[in-house]
Amino acid sequence: MSDKSAKAPQKPAKPGRSAKAAKKDQPGTATGTAAAPARSGRLAVFKTYKLYVGGKFPRSESGRVYEVTDSEDQWLANAPRASRKDARDAVVAARKAFGGWSGRTAYNRGQILYRIAEMLEGRREQFTEEVAAAEGLSRAAAAEVVDAAVDRWVWYAGWTDKVAQIVGGGNPVAGPFFNLSSPEPTGVVTVLAPQESSLLGLVSVLAPVIATGNTAVLIAGEKAPLPALSLAEVLATSDLPGGVVNILSGRTEELAGPLAAHQDVNALDLTGAEDPQLAKALEVAAADNLKRVLRPGTDGDWHADPGTHRLTAFLETKTVWHPTGSLGASGSAY
């Protein structure tokens, strides 16, 4: 008769690692998000996280990494620490992709954002584990966050071909003219993702940028970048053209400064700049080429209705005048 109370064999520790470190690698712990489940008698294959630039997954140009830990300071993974060169490469990729992405129909952009939601839904379990580890949430609470992130992509997918109706239209003028205003994307937008909301907050600041035809260079939250880096894998398989979204991880201050001063970046979202002095310095740097800057302060509850303010934050308005012809005696024109 077998002993049902016998414990399953433990995975052997790697040479040179402490028993505490070996314990972290067991399936079901926080580090299960960074490693494949270990079978009896073998070591797990740890996931190598990479940057996402121009539709590809490069390691940092500098070769640097930094340790990412969970809410209890337990090791999760080594994330790439992007350099200024990586940031410049991301801007080049975003600029190259801007013409094609902004030139697509709004309806087609909506289809692609909806596809992102589909792919994220399909990897729900993975992201639930990563969010739980990153934010110290229970599995149930993390699952709610992932579901909300999926719904947020669907929300913005539905707005792509409707936002023009709330910020554009015909303007009444005194004269025989049609006067029409229509929104256009700003260009390349640098987005500092929220530091505390590793997935839902990140989606909430990224989705409206690309929904309106902009391209993005996203700096993932410094303390919890893993869900952002995994999201890159979703984007790469969701019909999103390479370069539309570029994701960097590393020190927020180190990356944000060069991007704020970059002459080919058109706008800056300072959501993740929690230090007021850093936010002020970035605003000053952005003023050099008159970047549009969004400094929202504390966004509060990311689960709340997002509204449309982020959709319109990085849009420019183009107004066209066109003669209607000579007015007749009755006031009609052709």
Side-chain angles (χ1 to χ4, degrees), residues 33 52 101 104-167 189 191-216 218 220-221 224-240 244-245 247 269 271-272 294 296 298-315:
T33 63
Y52 184 55
W101 182 243
R104 288 176 180 251
T105 64
Y107 178 74
N108 182 242
R109 290 199 298 269
Q111 288 178 309
I112 293 174
L113 264 65
Y114 188 85
R115 178 62 175 167
I116 295 172
E118 288 180 345
M119 299 301 289
L120 184 58
E121 178 86 19
R123 298 176 65 168
R124 183 175 182 271
E125 292 302 313
Q126 173 196 346
F127 279 92
T128 296
E129 291 183 7
E130 290 192 344
V131 170
E135 301 181 23
L137 302 176
S138 67
R139 185 174 180 81
E144 290 183 4
V145 169
V146 176
D147 290 342
V150 173
D151 294 344
R152 193 61 44 88
W153 280 113
V154 175
W155 164 271
Y156 284 114
W159 269 107
T160 56
D161 58 353
K162 301 174 182 66
V163 65
Q165 312 307 316
I166 63 172
V167 294
V189 182
V191 181
L192 276 61
Q195 299 293 339
E196 303 299 332
S197 184
S198 63
L199 183 64
L200 178 56
L202 179 147
V203 170
S204 298
V205 298
L206 175 63
V209 170
I210 63 173
T212 49
N214 298 290
T215 55
L218 177 82
L226 303 188
L229 297 176
S230 291
L231 181 65
E233 299 170 6
V234 172
L235 300 178
T237 54
S238 302
D239 303 325
L240 188 73
V244 173
V245 174
I247 300 179
D269 183 344
T271 299
L294 175 65
T298 303
D299 277 79
D301 184 10
W302 290 108
H303 288 270
D305 185 338
T308 58
H309 71 284
R310 285 190 171 274
L311 277 169
T312 59
F314 301 113
L315 288 174

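Between atom CG of residue Leu240 and atom CE of residue Met119 there is a gap of 12.0 Å, rounded to the nearest 0.5 Å. Between the CG atom of Leu192 and the CG atom of Asp269 there is a distance of 7.5 Å, given to the nearest 0.5 Å. In this structure, CG on Leu311 lies 11.0 Å from NZ on Lys162, to the nearest 0.5 angstrom. A distance of 13.0 Å separates OG of Ser230 from OH of Tyr52, quoted to the nearest 0.5 Å. Taken to the nearest 0.5 Å, the OG1 atom of Thr312 stands 6.5 Å off from the CD1 atom of Ile166. Atom OG1 of residue Thr308 and atom OH of residue Tyr156 lie 8.5 Å apart, to the nearest 0.5 angstrom.
Pairing each heavy atom of Ala193 with each of Leu202, the nearest pair is CB-CD1, 4.2 Å. Closest of all the heavy-atom pairs between Arg310 and Thr271 is NH2-OG1, 2.9 Å. Contact detail for Ala149 and Val203: the closest heavy-atom pair is O-CG1, 3.9 Å. Closest approach of Ala313 to Leu294, counting heavy atoms only: CB-CD2, 4.2 Å. Across Val131 and Val146, no two heavy atoms sit closer than the pair CG2-CG2, 4.3 Å. Of all non-hydrogen atoms in Arg152 and Ala304, the two that sit nearest each other are NH2-O, 3.4 Å.
For the pair Trp159/Thr212, no side-chain contact is recorded, criterion being any heavy-atom separation below 4.5 Å from C-beta on. In this structure, the side chains of Val189 and Thr215 stay at 4.5 Å or more apart for every pair of heavy atoms. The shortest side-chain heavy-atom distance between Leu113 and Val154 does not fall under the 4.5 Å cut-off. Between Val191 and Phe314, the closest side-chain pair of non-hydrogen atoms is not below 4.5 Å. The shortest side-chain heavy-atom distance between Val150 and Phe127 does not fall under the 4.5 Å cut-off. The shortest distance between side-chain heavy atoms of Leu231 and Leu229 does not fall below 4.5 Å.
Using modelled atom types, one side-chain atom of Gln195 and one backbone atom of Gly272 make a donor-acceptor pair closer than 3.5 Å. Judged purely by atom type and a 3.5 angstrom limit, Trp302 has no side-chain atom pairing as donor or acceptor with the backbone of Ser197. Checked by atom type and distance alone, the side chain of Glu135 pairs as donor or acceptor with a backbone atom of Ser198 at under 3.5 Å. Ser138 places a side-chain N or O within donor-acceptor distance of the main-chain N or O of Ala141, the cut-off being under 3.5 Å.
Salt bridge status for Arg109 with Asp161: absent, with no side-chain N to carboxylate O gap under 4.0 Å.
The closest side-chain donor-acceptor pair between Arg104 and Thr160, if any, does not fall under 3.5 angstrom.
Partners of Arg115 under the salt bridge (Lys or Arg N to Asp or Glu O under 4.0 Å) rule, at least two apart in sequence or in another chain, are Glu118. The salt bridge (Lys or Arg N to Asp or Glu O under 4.0 Å) search around Asp239 returns none, not counting sequence neighbours.
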Where do Arg123 and Glu130 land on the salt bridge (Lys or Arg N to Asp or Glu O under 4.0 Å) test, with the steps shown first?
CA-CA 11 Å; Arg123 298 176 65 168; Glu130 290 192 344; over 6 Å; no
